[in-house]
Amino acid sequence: MENTIKHAILDNATALLGTTVDASMIQFQKTRKDFAGDTTLVLFPLVKLAGTSPQQLGERIGTFLKDEQQLVTDFSVIGGFLNLVYPTSHWLDTLRSIDGDTRFGMQPAGSKPAIMVEYSSPNTNKPLHLGHLRNNFLGYSVAEILKAYGHDVVKTQIINDRGIHICKSMLAWRDFSPLNEKGERETPANTGMKGDKLVGKYYVEFDKRFNAEAKTIMERWANGDFEGFDKTTIDKYVEFSAALEGKDEKAQAGIQDKIKELAKNATNILREAKDLLVRWEGRDPEVYLLWTTMNGWVYEGFNETYAKMGVDFDRLYYESETFILGKDLVNEGLEKGVFYRKDDGSVWIDLTGDKLDHKLLLRSDGTSVYMTQDLGTAVDRFNDYPNLSGIIYTVGNEQDYHFKVLFLILKKLGYSWADACFHLSYGMVDLPSGKMKSREGTVVDADDLMDEVIESAREMTSERGHLEGMTEEEKETLFRTIGMGGLKYFLLKVDPKKRMLFDPAESIELNGHTGPFIQYAHARIQSLLTKAGTIEAYDNTELEQSEIEIVKQLADYPKVIEEAALSYSPAVIANYTYELVKLYNQFYQSVNINQEADAAKRAMRLTLSRNVAKVIASSMGCLGITVPDRM
RNA sequence: GGUCCCGUAGCUCAGCUGGAUAGAGCACCUGCCUUCUAAGCAGGCGGUCUUUGGUUCGAAUCCAAACGGGAUCACCA
């Protein structure tokens, strides 16, 4: 409609404005709620050209559109704005066309190139937490949005299944797990613990012992006992403790940290963990068996958590596989002269020319680091999916620097697709008590949180009734739908880029700007439609303003999908649907629908309701949220 | 310290490709269930859009600086 108006003005520009104008000068915006109108033409850009007052110009264009072109039924000029009113038939036609499109808002599948979306990417040494929930819901949702926008999507994750961290858990379990009466160490089977939780427990155990040993070492050093430490360590300690003299508190704390680091590096337990890593990279059978066993436990635990989250993956990548290619790439880079080797054998890249630092790619003991395997993973993926138009990495913004460097290195290695890699950088999730810190035990466990929101949905839903005649199974499904819907909506309604506050009390709220608010609207409509039976055909009827507002909002849906897809932002869709539901609730409360006496009005209102439900279900689907038919 | 991100109502967030009197939710107050699900609706209260400059007919929105908060700069991931 706006396009038709725009062209009408452009085609008659000489008559209206006295000169031809560029299409960019015809600017529309949404009409403010307090004025009548369906769209608003901004007159300011045209005023200068026409050389008349905004008022006169508005009158002239308005009259032209109304009387000559009969595109609008009414108009008003307020300030520099021309508010235009569309004929009712336009809205009826719009609703009819939306109603006829079962996939309304979505582009044809496969109409856009393939994209890979990476999300989750956990370490296998600890269970998933609240931060992973934001990550998983976000990644899954972006994948769904891109699908709706017409892309083929490959959902993936990189599983950080190797490295020093998992060696720490392995060591702690091997050396410190108590034996039961059968002489077995703790396993998920004999303890009933979830696999990822059990392995996480031993990671914590390692950390405890590690810190204790470091503390002992610092005490020994403080007492002048340097028996058994190598000379460089002792020299450094002497240097640091001398530096403590005469410094202010802050500087002293900094130096103390360095001493602690020194002590940590001198521990036997860390040396043993490092030794495990070297043996693992050398494929030592004993270490490998321990590793596959413990990772197996973790995967079982993760799969359970993913199932509850309602996320899935099309393809998995394991660092234990991709790091090998990563190492090859490092050698390739050395030959090309992109990287350089230090005397101690470690490999680096100099990025000072790009205003970044020197970055490590291979340790002096030859083992690989995060960057090494990420290089391998990226190349692997483009080898596996040559038609990929890009990879989206859903990773926290604490790793902004890492990805900047990663993409830059890929480019320097000559991979032209490096530019098509995008870091979907999302903000941290804070708690009312502040940051989540594993050391302080303030980490919110993903499984626990999901259980809590479902439990809370159970209580609150049972209180409200509406459950008559449902089987136990149906009730359980409903509680899960509401609990998880609320949690997902809470985490997705905020702009991904922004840091957000997670208030547990607010996340289980059912009123206001929440997932259950939207789900409830859907359930009410379904109830209405069930009672209504077949909707009769209708031809012409008057429209209330509240009905027009809803049709307008519905008509925006395809643009909203596009905007969400281009900005990788589920929040755009979350807020859109909330607006739609608010408009619908106003309408629902102010007119009769099923009980309307006028047959045409009743049919139109039911059709409108049906399409609101359709868009609610579709848009919530893009967020990974299911909507119930009753609640 | 270098680099990057953020600052809108008491709280949590929209609005940011420049346009009219800056919007929601929560909290607090007042109404509305003998009619389609009140997890709802209507209304009230609440703002120096951190500050100061600049660009512009017009700035919460763009630019610069200051202040405040966060992240990152590891042979951690």
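The structure presented is a predicted model; accordingly, all values stated were derived computationally and were not measured. Letters go in sequence order (proteins before strands), and every chain restarts at 1.
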Base A20(B) to side chain Q29(A), donor-acceptor N/O within 3.5 Å cut-off: yes

Side-chain (E549(A)) to main-chain (L583(A)) donor-acceptor, under 3.5 angstrom: no

When you measure from the side chain of E319(A), which nucleotide among U21(B), A77(B), A39(B) comes out closest? A77(B)

So which nucleotide from G19(B), A77(B), A71(B) ends up closest to the side chain of K435(A)? A71(B)

Each nucleotide of nucleotides 54-60 of chain B classed B (base within 4.0 Å of a protein heavy atom), S (only sugar-phosphate) or -, in 5' to 3' order, makes ---B---

Show me the dot-bracket string of RNA chain B, counting Watson-Crick or G-U pairs under 3.5 Å, with | for pairs to another strand and [ ] for crossing ones. (((((((..((((.....[...)))).(((((.......))))).....(((((..]....))))))))))))....

Among residues 594-605 of chain A, which ones have heavy-atom contacts with RNA chain B below 4.0 Å? N594(A), Q595(A)

Could you pull out all residues at least two apart from E596(A) that satisfy side-chain hydrogen bond (donor to acceptor under 3.5 Å, both in side chains)? R605(A)

Cation-pi geometry met for R162(A) and F323(A) (6.0 Å, 45°): yes

Enumerate all atom pairs, one protein N or O and one N or O from nucleotides 40-43 of chain B, separated by less than 3.5 Å.
| from | atom 1 | to | atom 2 | distance (Å) |
| --- | --- | --- | --- | --- |
| G40(B) | OP1 | G512(A) | N | 3.3 |
| G40(B) | OP2 | N511(A) | OD1 | 2.9 |
| G40(B) | O3' | N585(A) | ND2 | 3.1 |
| G40(B) | O2' | R524(A) | NH2 | 3.2 |
| G40(B) | O2' | Q589(A) | NE2 | 2.7 |
| G40(B) | N2 | Q589(A) | OE1 | 3.2 |
| G40(B) | N3 | Q589(A) | OE1 | 3.3 |
| C41(B) | OP1 | N585(A) | ND2 | 3.4 |
| C41(B) | O4' | Q589(A) | NE2 | 3.3 |
| A42(B) | OP1 | Q586(A) | NE2 | 3.4 |

Looking only at A39(B), A71(B), A24(B), the nucleotide nearest the P516(A) side chain is A39(B)

Would you give a per-nucleotide map of nucleotides 5-18 of chain B, 5' to 3', where B means the base has a protein non-hydrogen atom under 4.0 Å away, S means only the sugar-phosphate does, and - means neither? --S----SSS-B--

Give a yes/no on whether any side-chain N or O of K531(A) is located under 4.0 angstrom from OP1 or OP2 of U37(B). yes

